[in-house]
Amino acid sequence: MKNSFLGKRIKSVKYATYGAYLLLKKEPSIQVQASIGVLVTLAGFYFEITREEWMAQTLAIAMVLGLEGANTAIEAIADFIHPDFHFKIGRIKDLAAGAVFLAAILAVIIGIIIYLPYIQHSF
Ligand SMILES: Nc1ncnc2c1ncn2[C@@H]1O[C@H](COP(=O)(O)OP(=O)(O)OP(=O)(O)O)[C@@H](O)[C@H]1O
């Protein structure tokens, strides 16, 4: 079982779960973004958004959290392979942070498209 296909997949899920736990426990940026994800999920229940809106919102949250996790891993690799200041390390970190920023802007746009009509309707 230990080295079987299924055993290896179970191990991978265990490592990935631990990685997700580390991200949520230790990374302030992920904690902020996950908290925003919880808030918009509550807003989704409050405004009773549609199935399609839930799908767009859930995808947006997953995209931001996933990219922030990858950004954190890239920063950790960069710091590990080159702890000192280097122009190229800075560029690599800026690129990874830029990817999160683009996803976050897209998520904000999706949030505006979903919630603006509900907010306008309630006034
Ligand atoms: N070793 C380095 N060499 C050159 N520039 C760096 C280096 N480390 C960080 N920087 C610059 O500082 C910025 C912030 O880097 P840092 O690693 O502190 O990321 P951060 O976004 O503050 O991450 P977090 O808050 O998630 O730890 C980088 O985007 C880069 O421009």
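Both counts, for ligands and for their atoms, begin at 1 and track the order of listing.
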Output for ligand 1, non-hydrogen cut-off under 4.0 Å, lists Ser29, Glu75, Asp84, Phe85, His86, Ile89, Gly90, Lys93, Asp94

hydrophobic_cluster_shared for [Y] and [X], side chain cutoff 4.5 Å:
{"X": "Ile113", "Y": "Phe123", "answer": "no"}
{"X": "Leu116", "Y": "Tyr118", "answer": "no"}
{"X": "Trp54", "Y": "Phe47", "answer": "yes"}

For side chain to side chain contact (heavy atoms under 4.5 Å, CB included), just list the numbers for Lys93 and Ile74, CA-CA rounded to whole Å, side-chain angles, deciding distance to a tenth of an Å, and then say yes or no. CA-CA 7 Å; Lys93 287 185 174 186; Ile74 289 168; 5.8 Å; no

Kindly write out the residues that satisfy side-chain hydrogen bond (donor to acceptor under 3.5 Å, both in side chains) with Ser29, not counting sequence neighbours, or none if the list is empty. Glu68

For the CZ atom on Arg9, are there more than 12 heavy atoms of other groups (residues, nucleotides or ligands in this structure) within a distance under 6.0 Å? yes

